[in-house]
Participant: 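If you scroll down you'll find the structure; I have some questions about it.
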Amino acid sequence: MAETTIKSEIINPENLVYKKTDLMTDKVLSYCPGCGHGTTHRIIMEVIEEMGLMEDTIGIAPVGCSVLAYEFMNVDMQQAAHGRAPALATAVKRLMPHKTVFTYQGDGDLAAIGTAETIHAANRGENITIVFINNGIYGMTGGQMAPTTLPGMKSSTSPYGRDLGMMGHPLKITELVAQLPGTHYVTRQAVHTPANVRKTKKAIRKAFELQKQNVGMSFVEVVSNCNSGWKMTPVQANHWMVENMFPYYPLGDIKVDGEIVENN
Amino acid sequence: MEKELRLMKGNEAFGEAAIRAGTDGYFGYPITPQSEVMEYLMAEKPHERTGMVVLQAESEVASINMLYGGAGCGKKVMTSSSSPGISLMQEGISYMAGAELPCVILNVVRGGPGLGTIQPSQSDYFQSTKGGGHGDYRLITLAPSSVQEMYDFVGLGFEMAFKYRTPVLVLSDGAIGQMMEKVEIDAQVPRLTEEEIRNNYPWATTGRYKGRERNIITSLDLDPARQERHNEALQRKYREIEKNEIRFEKIGCDDADYLFVAYGTSARICQKSMQLAREKGIKVGILRPITLFPFPYAEVEKMAEKVKGILSVEMSAGQMVEDILLAVKGKTKVEHYGRMGGIIPAPGEVVDALEQKLIKG
């Protein structure tokens, strides 16, 4: 057995090269290793810290894997009924227009049970930021088919693969909300590589900056893996995501400054 | 200062009371017979009068969840709807009870089940008083029987909602909502500032002011031991409400041989029925529960010891009568008389029912 040396000097504060933001609590994340939720949580909290918005931010947690987001995000949080986060956020923002308000929602929450709330909050042009995690599956309940499950993709309720004739088509809700005049900035990102993490962080920062300008809804989709639900290792899941999810859900800006980006 | 008097519909009085009570936000969806509430509010431009937000939501489901969001920030928020819409709100009401959020909800009841009718009914008593959504919770339920009470119960409702951190339901019906009566209007109550909200409601999610610990609004606790403790705390709160908040009115009860128990529109009808009965020599009184939860069990029991029979008069198949039976404990005869499907009973038929079911029966 190799001898383990504790290099005490690396934990000395003067040698600190990376520190998690104080806006993430010390609570151990409930997410599976390799899942994109933890990274996305951290990015949002870093942006809020860097923009100095802690005292004025109210976040809304969904139902799904990230139902406990309020345990990890160290800002004022409300936990919404399944799919209703945009309704909560609408009221919070309308009643306190100077606050920064965001929802954090998965695909089942945002694109199935909460479709009406999503579309109408977007269409009213609510000055809120929605961060939408799309992993094509219901993770928390054990890997059932989601509105975003790909054609032919297996899940516990589509065990022979999603049959489009029987189960309908995957919903590109991000493209849908981009069509609505109430949205100002709509983008699709991912967090599976450092470069993508940086791009997503930029997108989330832009979304919060736009919220301060009261120009309408900013909507950031993060295509993510679900290695548990997809029954893969984290590495396999990331490869599978690149090969299968990205062609259907292409990364990049969909709407910028209120205008649809051509050739997206 | 002399009070301002106005002639108003019940629904309009509710809208005016909302503005006067310093409400921060109204979120609603049109449904007959209560659409005048939001119509009145929109016409009054409360955003100019007090800064109050009035928003027409995409559904009752969205409305009640907007209340959740607003109440979570310590704001005075309210909605109004009618039976089918209130059914849609039950999930959100359960969440608000669980997360201990104050709000005022008006149900201008119409006949059911299903789409039913747009005419008045009292068939939502069980849903209102026994917990219409999932889980062990109760709603403080106020039953107005006049346009003045439609007005007054907004302020009273908010007082109770914030005192106990729980949703309050005003259980009206299509007749009270649509009829016009004179109303005494209160002076304007100012809306609370953010600083006042921070001080009064330290639980509210208004942002981590000066770096304070974060506030969380949730009804979730996956740990059964903690969830049971939370449930026990809720139950203690409901017992406290039962101890402090029972309200009722007694009319002509001192010499009564018989008793009508009725709320809302039925209580109004029973006043005429009482007069008709007394003209025939039948001494009847009225006990009008104003709070349906908490129900005036003790007062009904006290009356049961004095009278020869109690007639529960409701525009339903007989819902409140179950609470009367619980209160009476067999001490006197209890019967129900009701009409359904949007039919309002005439005063004479109530007297007939009294005679047939209790006096001759």
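Per chain, numbering begins at 1; letters A, B, ... match sequence-line order.
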Participant: Identify the two heavy atoms, one from B:Tyr95 and one from A:Gln79, that lie closest to each other, and give their separation to 0.1 Å.
Facilitator: CE2-OE1, 4.3 Å

Participant: Examine whether an atom of A:Ile48 lies under 4.5 Å from a heavy atom of chain B, and if so say whether it belongs to the side chain, the backbone or both; otherwise answer neither.
Facilitator: neither

Participant: Side chain from CB out, backbone as N, CA, C, O: work out which of these in B:Ala204 comes under 4.5 Å of a heavy atom of chain A, or both, or neither.
Facilitator: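 For B:Ala204, backbone heavy atoms alone lie under 4.5 Å from chain A.
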
Participant: Around B:Leu220, counting heavy atoms of other residues, nucleotides and ligands shown, do more than 12 lie under 6.0 Å from its CG?
Facilitator: yes

Participant: Which heavy atom of B:Ser59 sits nearest to which heavy atom of A:Glu117, and what is that distance?
Facilitator: OG-OE2, 4.3 Å

Participant: Please classify the contact of B:Thr206 with chain A as side chain, backbone, both or neither, using a heavy-atom distance under 4.5 Å.
Facilitator: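 Contact with chain A involves both backbone and side-chain atoms of B:Thr206.
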
Participant: Kindly compute the distance separating CG (A:Asn74) from CD (B:Glu213), expressed to the nearest 0.5 Å.
Facilitator: 7.0 Å

Participant: Can you see which heavy atom on B:Val77 is nearest to which on A:Leu95, and at what distance?
Facilitator: CG1-CD1, 3.8 Å

Participant: Do you know which of B:Thr205, B:Ile64, B:Ile216 has the most heavy-atom pairs under 4.5 Å to chain A?
Facilitator: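 Heavy-atom pairs under 4.5 Å are most numerous for B:Thr205.
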
Participant: Which atom names give the shortest non-hydrogen contact between A:Ala91 and B:Gly70, and what distance separates them?
Facilitator: CB-N, 3.8 Å

Participant: Please state whether the side chain, the backbone, both or neither of A:Ile58 comes within less than 4.5 Å of a heavy atom of chain B.
Facilitator: side chain

Participant: Given that the side chain runs from C-beta out, which part of A:Ala80 has a heavy atom under 4.5 Å from chain B: side chain, backbone, both or neither?
Facilitator: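 It is the backbone, since no side chain atom gets that close.
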
Participant: Is there a donor-acceptor pair under 3.5 Å between the side chain of B:Arg214 and the backbone N or O of A:Met73?
Facilitator: yes

Participant: Please check if atom CD in B:Glu195 has more than 12 non-hydrogen atoms from other residues, nucleotides or ligands closer than 6.0 Å.
Facilitator: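 Counting neighbours around CD of B:Glu195, 12 or fewer heavy atoms of other residues, nucleotides or ligands fall under 6.0 Å, so no.
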
Participant: Does B:Gly207 offer a backbone N or O that forms a donor-acceptor pair with the side chain of A:Glu55 under 3.5 Å?
Facilitator: no

Participant: Report the distance from atom SG of B:Cys73 to atom CZ of A:Arg94, rounding to the nearest 0.5 Å.
Facilitator: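 Going from SG on B:Cys73 over to CZ on A:Arg94, the span is 14.5 Å.
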
Participant: More than 12 non-hydrogen atoms from neighbouring residues, nucleotides or ligands closer than 6.0 Å to NZ on A:Lys20, yes or no?
Facilitator: yes

Participant: Using heavy-atom distances under 4.5 Å, tell me whether A:Thr100 contacts chain B through its side chain, its backbone, both, or neither.
Facilitator: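 For A:Thr100, neither part sits under 4.5 Å from chain B.
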
Participant: With sequence neighbours left out, write down each residue that passes salt bridge (charged side-chain N to carboxylate O under 4.0 Å, His left out) with A:Asp107, or none if nothing qualifies.
Facilitator: none

Participant: Tell me every residue that passes side chain to side chain contact (heavy atoms under 4.5 Å, CB included) with B:Lys130, counting only those two or more places apart in sequence or in another chain.
Facilitator: B:Phe126, B:Tyr297, B:Asp323

Participant: Under a 4.5 Å heavy-atom cut-off, does chain B meet the side chain of A:Leu68, its backbone, both or neither?
Facilitator: side chain

Participant: Where on B:Phe27 is there a heavy atom nearer than 4.5 Å to chain A: the side chain, the backbone, both, or neither?
Facilitator: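 For B:Phe27, side-chain heavy atoms alone lie under 4.5 Å from chain A.
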
Participant: Using a strict threshold of under 4.0 Å (side-chain N to carboxylate O), is an ion pair present between B:Arg212 and A:Asp76?
Facilitator: yes

Participant: Between chain B and each of A:Arg84, A:His82, A:Glu71, count heavy-atom pairs under 4.5 Å; write down the option with the most.
Facilitator: A:Arg84

Participant: B:Glu58 and A:Ile119: side-chain contact (heavy atoms from CB on, under 4.5 Å), yes or no, with the steps?
Facilitator: CA-CA 10 Å; B:Glu58 62 270 33; A:Ile119 297 289; over 6 Å; no

Participant: Is the count of non-hydrogen atoms from other residues, nucleotides or ligands lying under 6.0 Å from B:Glu232 atom CD greater than 12?
Facilitator: yes

Participant: With a cut-off of 6.0 Å (strictly less than), are more than 12 heavy atoms of other residues, nucleotides or ligands near OH of B:Tyr201?
Facilitator: yes

Participant: Looking at A:Gln78 and B:Gly69, what are the two nearest heavy atoms and their distance?
Facilitator: NE2-O, 3.0 Å

Participant: Would you compute the distance between atom NE2 of A:His120 and atom CD of B:Gln56 and round it to the nearest 0.5 angstrom?
Facilitator: 11.0 Å

Participant: Select one option (side chain, backbone, both, neither) describing which atoms of A:Thr90 are under 4.5 Å from chain B's heavy atoms.
Facilitator: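 The side chain, not the backbone.
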
Participant: With a cut-off of 6.0 Å (strictly less than), are more than 12 heavy atoms of other residues, nucleotides or ligands near NZ of A:Lys212?
Facilitator: yes

